[in-house]
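Take a look at the structure below.
Each chain gets a letter, A, B and so on, in the order the sequences are listed, and its residues count up from 1.
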2 protein chains.
Amino acid sequence: MVARYIEIKNSIKDDILQKRYQVGEKIPSERELALIYGVTRVTLQKSMHLLEQEGFIERIHGKGMFVARVIDDDVYMLNNGAGDSVLGFSREFHHQAKISSQLITHQMLCATPEIAQQLEAQPGQVLHYIRRVRLIDNTPVLIEDSWINAAVIADIPNTVLDGGSLYEYIETYTGKKIKFYNSVIEGDLFTKEMADMLGIAPGVPMLKVSGVTKLEDGTAFNYSLSYNRADKFKIKNNWVGK
Amino acid sequence: MVARYIEIKNSIKDDILQKRYQVGEKIPSERELALIYGVTRVTLQKSMHLLEQEGFIERIHGKGMFVARVIDDDVYMLNNGAGDSVLGFSREFHHQAKISSQLITHQMLCATPEIAQQLEAQPGQVLHYIRRVRLIDNTPVLIEDSWINAAVIADIPNTVLDGGSLYEYIETYTGKKIKFYNSVIEGDLFTKEMADMLGIAPGVPMLKVSGVTKLEDGTAFNYSLSYNRADKFKIKNNWVGK
DNA sequence: TAGTGGTCTAGACCACCTG
DNA sequence: AGGTGGTCTAGACCACTAG
């Protein structure tokens with residue numbers, strides 16, 4: 001059951017990505033598009049506001065809506081607050097490159113008070129602890145630690161951890177969608193130990209991203225901490241006022 | 001002319017910040033709040049969706065709306081995609097600390113092709129080039145380079161660059177609000193030259209943030225590049241599905 | 001079953017931009 | 001003046017959660 005305004009948003013996003021509109025070009029007005037898609041203006045506006053937040057169009061009061069120039073780049077972009085790159089490394093990049101994982105460890109342990117608090121669970125709660133090195137085209141680019149509440153996801157097959165999408169597995173397993181991801185980005189340097197795992201020199205800059213993921217029913221199931229090579233990743237952000 | 005849904009959003013945000021609701025507590029339903037504020041559900045929902053994007057509440061289908069735990073921290077948070085910290089360093093932090101600036105240079109120059117493209121202007125367009133070191137409680141924490149289109153803002157008094165808010169000045173000067181800020185975050189290390197300007201050791205990690213700022217009529221007026229001490233800043237991000 | 005958020009309609013009026 | 005996006009109303013029905 002996909003909402004109509006999501007379908008319309010994706011349809012127009014596709015038009016932009018397929019270059020059916022040129023960069024900077026004015027697209028049809030809200031009233032025209034509402035007529036075309038057979039919805040009211042309110043519904044169409046929901047689509048267009050989303051498209052604006054995702055950085056594909058700019059809405060200018062009194063003028064119209066215009067296709068934004070979209071930045072393409074040589075490095076990998078982790079989109080913030082827009083798009084779906086939040087929904088997992090595999091899902092995001094597997095179309096443009098070969099994604100693989102090296103499972104360092106997968107064990108069950110009890111939550112420390114700190115992690116329990118992040119997961120809104122009791123200290124001592126049984127968790128999966130997973131450490132993976134992730135590779136793009138066979139080059140190691142990041143280390144990711146995940147703590148996953150075993151009360152929410154009891155079993156995690158190692159086949160999922162090798163190459164599959166963990167988030168996709170969880171959505172299938174629970175029958176619920178992922179709705180919240182609250183994260184914090186920090187800059188730091190790789191320690192020798194971590195640099196060795198990635199096969200790079202120590203003292204290389206990194207982007208550290210930590211955060212909690214929740215399902216649509218509010219269940220916090222995953223706390224993760226990833227250490228990303230700063231020469232391989234950038235984070236894009238589109239802020240829109242009001 | 002402030003929209004009703006913005007007023008309502010701020011009113012409820014204030015209730016949360018003033019602890020009139022406890023963390024995790026359920027707040028009144030949409031229908032109740034719509035009645036209280038004398039608006040329809042559609043209007044109230046706009047308020048609550050904003051509040052959710054800003055990370056203050058979580059909306060759970062079938063259950064209700066709940067106050068999110070808000071992360072307070074010792075370091076300074078640059079909020080992404082939510083809140084207004086995008087709208088300038090001064091405006092964001094002057095309530096919690098003494099903000100000052102050290103003006104390194106302010107000169108007029110002609111746009112290179114690269115910067116002209118960012119500003120959607122012609123190469124050779126006259127620009128302000130401004131380099132400032134910014135301080136929190138007299139500690140230098142970042143270096144910021146700005147290129148501002150002189151065709152949009154002709155005069156920039158040095159009093160504004162010293163301690164005032166540049167963005168506030170621009171909104172007053174042009175009579176328009178800032179609507180877009182598209183930025184990219186990268187991790188890197190401070191060079192010796194930059195480290196010297198901040199009085200720190202070279203090789204310290206930094207968060208580099210670059211981006212273009214536009215007014216509500218779509219005018220790109222500012223391209224900026226800031227080099228932030230990674231031990232002083234974090235960047236927060238709230239992603240909400242759908 | 002009752003209450004919650006999620007979606008959608010068919011209008012209306014306002015604010016901004018251009019000719 | 002005419003077209004654009006921005007806001008708002010007063011309903012309706014659907015999907016999810018709980019007791």
Side-chain angles (χ1 to χ4, degrees), chain A residues 1-10 12 25-53 56-68 171 174-180 214-219 240-242, chain B residues 1-10 12 25-53 56-68 171 174-180 214-219 240-242:
Chain A
M1 185 48 194
V2 180
R4 188 81 180 101
Y5 73 91
I6 299 282
E7 291 178 341
I8 295 171
K9 182 209 70 174
N10 288 330
I12 298 176
E25 185 182 343
K26 186 171 184 242
I27 68 179
S29 73
E30 291 182 351
R31 287 164 178 85
E32 288 178 83
L33 290 171
L35 203 61
I36 291 170
Y37 285 100
V39 295
T40 58
R41 262 186 78 207
V42 179
T43 300
L44 190 104
Q45 280 175 330
K46 286 189 74 168
S47 310
M48 305 317 276
H49 280 129
L50 273 179
L51 219 42
E52 183 182 51
Q53 286 186 314
F56 289 95
I57 62 167
E58 290 177 0
R59 294 164 62 81
I60 310 293
H61 194 173
K63 289 184 180 173
M65 303 184 285
F66 303 85
V67 177
E171 289 189 341
T174 63
K176 296 182 191 306
K177 293 212 164 171
I178 291 164
K179 168 147 187 194
F180 302 101
K214 300 185 185 182
L215 297 172
E216 58 189 347
D217 66 358
T219 311
V240 181
K242 290 288 175 65
Chain B
M1 183 51 193
V2 181
R4 190 78 181 102
Y5 74 90
I6 299 282
E7 291 177 342
I8 295 171
K9 180 209 71 173
N10 288 331
I12 298 176
E25 187 181 342
K26 185 170 183 240
I27 67 178
S29 72
E30 291 183 351
R31 286 162 178 87
E32 288 178 85
L33 289 171
L35 203 62
I36 290 170
Y37 285 101
V39 295
T40 58
R41 261 186 79 206
V42 179
T43 300
L44 190 104
Q45 280 176 328
K46 287 188 73 166
S47 310
M48 304 318 276
H49 280 129
L50 273 179
L51 219 43
E52 183 182 51
Q53 286 186 314
F56 289 95
I57 62 168
E58 290 177 1
R59 294 163 63 79
I60 311 293
H61 194 172
K63 290 186 181 171
M65 302 185 285
F66 302 85
V67 177
E171 288 190 341
T174 63
K176 297 181 192 306
K177 294 212 164 172
I178 291 163
K179 169 147 187 194
F180 302 100
K214 299 185 184 182
L215 298 172
E216 58 189 346
D217 67 357
T219 310
V240 182
K242 291 288 174 66

Checklist line | B/His61-C/dG6 aromatic stacking (under 5.5 Å, under 30°) | finding: no

Margin query: Expressed as a whole number of angstroms, how long is the span from B/Ile6:CD1 to D/dT7:C1'?
Written below: 11 Å

Check: A/Ile8 CD1 to C/dC8 C1': how many Å, rounded?
Finding: 11 Å

Notebook entry, point to check: Rounded to the nearest Å, what distance is computed from the CZ atom of residue B/Arg59 to the C1' atom of nucleotide D/dT17?
Noted result: 15 Å

Note to self: By the 4.0 Å heavy-atom rule, please label A/Glu32 as base, sugar-phosphate, or nothing.
What the structure shows: sugar-phosphate

Notebook entry, point to check: Just how far, in rounded Å, is P of D/dT4 from CD1 of A/Ile57?
Noted result: 15 Å

Next item on the list: Would you indicate what A/Gly38 reaches in the nucleic acid, counting non-hydrogen atoms under 4.0 angstrom: base, sugar-phosphate, or nothing?
Entry: sugar-phosphate

Item checked: For atom CD of B/Glu30 and atom C1' of C/dG3, their distance in whole Å -> 12 Å

Next item on the list: Can you see which heavy atom on A/Asp217 is nearest to which on B/Lys63, and at what distance?
Entry: O-NZ, 3.2 Å

Margin query: Can a donor-acceptor pair be found, under 3.5 Å and without considering hydrogens, that links the side chain of B/Lys9 to the backbone of B/Met48?
Written below: no

Notebook entry, point to check: Does the pair A/Lys179/B/Glu58 count as a salt bridge with the N-to-O cut at 4.0 Å?
Noted result: no

Check: Using a cut-off of less than 4.0 Å, is there contact between a side-chain N or O of A/Lys179 and OP1 or OP2 of C/dG6?
Finding: yes

Notebook entry, point to check: How about B/Ile57 and B/Arg59: do any of their side-chain heavy atoms sit closer than 4.5 Å?
Noted result: yes

Item checked: Shortest side-chain distance from A/Ala3, nucleotide among D/dT7, C/dG5, C/dT7 -> C/dT7

Check: Would B/Glu52 and B/Lys242 pass as an ion pair if we require N to O under 4.0 Å?
Finding: no

Next item on the list: Starting at atom CG of A/Leu44, determine the distance to atom C1' of C/dA10, rounded to an integer number of angstrom.
Entry: 15 Å

Item checked: Touch class at under 4.0 angstrom, heavy-atom based, for B/Lys46 against every strand present -> sugar-phosphate

Note to self: Using a 4.0 Å heavy-atom cut-off, does B/Glu216 contact any base of the nucleic acid, only the sugar-phosphate backbone, or nothing at all?
What the structure shows: nothing

Next item on the list: Check every atom of C/dG6, D/dC8, D/dG5 against the side chain of A/Ser29 and return the nucleotide holding the closest atom.
Entry: D/dG5

Checklist line | Residue closer to the 5' end of DNA chain C, B/Gly62 versus A/Gly62 (nearest nucleotide) | finding: B/Gly62

Check: Where the side chain of A/Tyr5 is defined as all heavy atoms beyond and including C-beta, which of C/dC8, D/dG6, D/dT9 is the nearest nucleotide?
Finding: C/dC8

Next item on the list: Write down the partner of D/dG19 under the Watson-Crick or G-U wobble criteria, each distance required to be under 3.5 Å.
Entry: none

Check: Nearest to the side chain of A/Gln45, which nucleotide is it out of C/dT18, C/dC8, D/dT7?
Finding: D/dT7

Item checked: C/dG3 phosphate, OP1 or OP2, under 4.0 Å from B/Lys63 side-chain N/O -> no

Check: Looking at the side chain of A/Thr43, which of C/dT4, C/dC8, C/dA10 is the nearest nucleotide?
Finding: C/dC8

Notebook entry, point to check: Out of D/dT9, C/dT18, D/dG5, which has the shortest distance to the side chain of B/Thr40?
Noted result: D/dT9

Next item on the list: Using a 4.0 Å heavy-atom cut-off across all strands, classify A/Met65 as base, sugar-phosphate, or nothing.
Entry: sugar-phosphate

Checklist line | Pairwise 5' ranking along DNA chain D for A/Asp217 and B/Arg41, keeping only the more 5' one | finding: B/Arg41

Item checked: Rounded interatomic separation in angstrom, taking NZ from A/Lys242 and C1' from C/dC16 -> 11 Å

Checklist line | Basic-acidic side-chain contact under 4.0 Å: A/Glu216, A/Lys177 | finding: no

Note to self: Show the nearest heavy-atom pair for residues B/Thr43 and B/Tyr5, with the distance to one decimal.
What the structure shows: O-CB, 3.7 Å

Item checked: Among D/dC13, C/dA12, C/dA10, the nucleotide that comes nearest once only the side chain of B/Arg31 is considered -> D/dC13

Note to self: Please report the distance, rounded to the nearest Å, between CG in A/Leu33 and C1' in D/dG3.
What the structure shows: 14 Å

Next item on the list: Tell me which nucleotide among D/dG5, D/dG6, C/dA10 gets nearest to the side chain of A/Val42.
Entry: C/dA10

